[in-house]
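Since the structure comes first, as structure tokens, the remarks are kept for the end.
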Amino acid sequence: METEEELNKQLEDIVAKIGKAERELKALRRHPSESSKGKPGASFIAGKERMIEAAEAAKQLDTLKQREHEIRAKFHSDNH
């Protein structure tokens, strides 16, 4: 059985990872800057790759949030 201190440490780590994953996902979902005066814009392939990376980041974020929920539930059950 994990101690309260261990659960707090795990929760702190998960929350930090969630924040990082959310920032990464936001950056991936942001539209690439539009082309300006003759500079080529993002290619179709690059756009597809960004979409794939965003989907993977979203999946990772969901996993992290589920883990956070599990830790909080365990923490709550240990207090009662």
Report summary line: Looking only at heavy atoms, the pair that brings I14 and L64 closest together is CG2-O, 3.5 Å
Query raised in the report: Measuring from K9:NZ to E5:CD, what's the distance to the nearest 0.5 Å?
Result: 10.0 Å
Report summary line: Smallest heavy-atom separation, L61 atom then A21 atom, equals CD1-CB, 3.9 Å
Query raised in the report: Would you say the side-chain atoms of R50 pair up with the backbone N or O of R30, donor to acceptor, closer than 3.5 Å?
Result: yes
Report task. State which residue, out of E53, R23, E49, fulfils the side chain to side chain contact (heavy atoms under 4.5 Å, CB included) condition with L28. Result -> E53
Query raised in the report: When rounded to the nearest 0.5 angstrom, what distance separates CZ in R72 from CG in L11?
Result: 4.5 Å
Query raised in the report: How many angstroms lie between atom CD1 of I18 and atom OG1 of T63, to the nearest 0.5 angstrom?
Result: 10.5 Å
Query raised in the report: With side chains defined as the heavy atoms from C-beta onward, is the minimum distance between E4 and N8 less than 4.5 Å?
Result: yes
Report task. Tell me, with the steps shown, if K17 and E68 meet salt bridge (Lys or Arg N to Asp or Glu O under 4.0 Å). Result -> CA-CA 10 Å; K17 288 178 183 178; E68 177 190 19; over 6 Å; no
**Report entry** Derivation of the salt bridge (Lys or Arg N to Asp or Glu O under 4.0 Å) call for E70 and R67
**Finding:** CA-CA 5 Å; E70 291 168 0; R67 180 67 182 136; 3.6 Å; yes
